[in-house]
Amino acid sequence: ENGDERGRIENYIKGDYSYVKQEANGRVNYETFTDYNAAKLITVMHTEEKIFIAENYPRQDVTEDTNEFIYSSKRNEQYAHLGIYQFLGREKVNGRKCIVVSLTDKNKEGLDVTNYYIDIETGYILKQEDIKDGNVKFTMINEYYEGVVTEDIVKYNEEKFADYEKVND
């Protein structure tokens, strides 16, 4: 990639558990552990050394309602005059056929442009590029793994983060 910064999100799903790890420039920024049976979401923010715990967390399957691009577009309906969506074409990401959609949005500093590479088969966002002044400034690659991990990976282990501050949402 030619961006100034790179990131990667790994999404692991096993039964009623999910685990997400987000890295940027080779460093893990955060991890989330979700136990849908217990309705609990735990976010470990490594950069702040804090743990955020959300109780009564509803199950959120990956659907159009939780897909980041769809969420962004629905959120922006109230600001329809600000967001512009454009179909950029088709491209492969990691061998998967994707459509590429660009979102241009106004903010205080100017325009935000984000390109989303959406897997045609699953609807998952496989790649996201943030563009500033015509150049890719940040690239995020999303990977999804369903049922291929053991529960010890997707379950939260409090002992691993004993030095972190706990904060309830």
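Excluded from the calculations below are hydrogen atoms, water molecules and symmetry mates; all remaining heavy atoms, backbone and side chain alike, are included.
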Between Leu88 and Ser102, what is the shortest heavy-atom contact and its length? CD1-CB, 3.6 Å
Are any non-hydrogen side-chain atoms of [X] and [Y] less than 4.5 angstrom apart?
X: Ile141; Y: Gln128; result: no
X: Val44; Y: Phe33; result: yes
X: Thr32; Y: Ile42; result: no
X: Arg96; Y: Glu121; result: yes
X: Tyr156; Y: Phe161; result: yes
X: Gln86; Y: Val101; result: no
X: Thr34; Y: Lys40; result: no
X: Val28; Y: Tyr30; result: no

Flag for Asn29-Thr47: side-chain donor and acceptor within less than 3.5 Å: no
Just checking, is any N or O donor in the side chain of Tyr117 or Glu129 under 3.5 Å from an acceptor N or O on the other one? yes
By side-chain contact (heavy atoms from CB on, under 4.5 Å), which residues pair with [X], not counting sequence neighbours?
X: Arg90; result: Phe87, Ile99, Ile120
X: Asp35; result: Tyr17, Asn37, Ala38
X: Asn135; result: Lys137
X: Glu48; result: Met45, Lys50, Phe52

If you measure from [atom1] on [X] to [atom2] on [Y], what distance do you get to the nearest 0.5 Å?
X: Asn115; Y: Ile125; atom1: CG; atom2: CD1; value: 11.5 Å
X: Asp130; Y: Asp112; atom1: CG; atom2: CG; value: 7.5 Å
X: Asp119; Y: Leu126; atom1: CG; atom2: CG; value: 4.5 Å
X: Leu103; Y: Thr114; atom1: CG; atom2: OG1; value: 5.5 Å

Could you go step by step and tell me if Glu165 and Ile51 meet the side chain to side chain contact (heavy atoms under 4.5 Å, CB included) rule? CA-CA 6 Å; Glu165 176 188 352; Ile51 299 170; over 6 Å; no
Using the ring of each side chain (for Trp, its six-membered ring), is Tyr164 parallel, tilted or perpendicular to His46, with breaks at 30° and 60°? perpendicular
Apply side chain to side chain donor-acceptor pair (under 3.5 Å) to Glu158 and list each qualifying residue two or more places apart in sequence or on a separate chain. Lys166
State which residues pass side chain to side chain donor-acceptor pair (under 3.5 Å) with Glu143; sequence neighbours excluded, sorted by chain then number. Tyr145
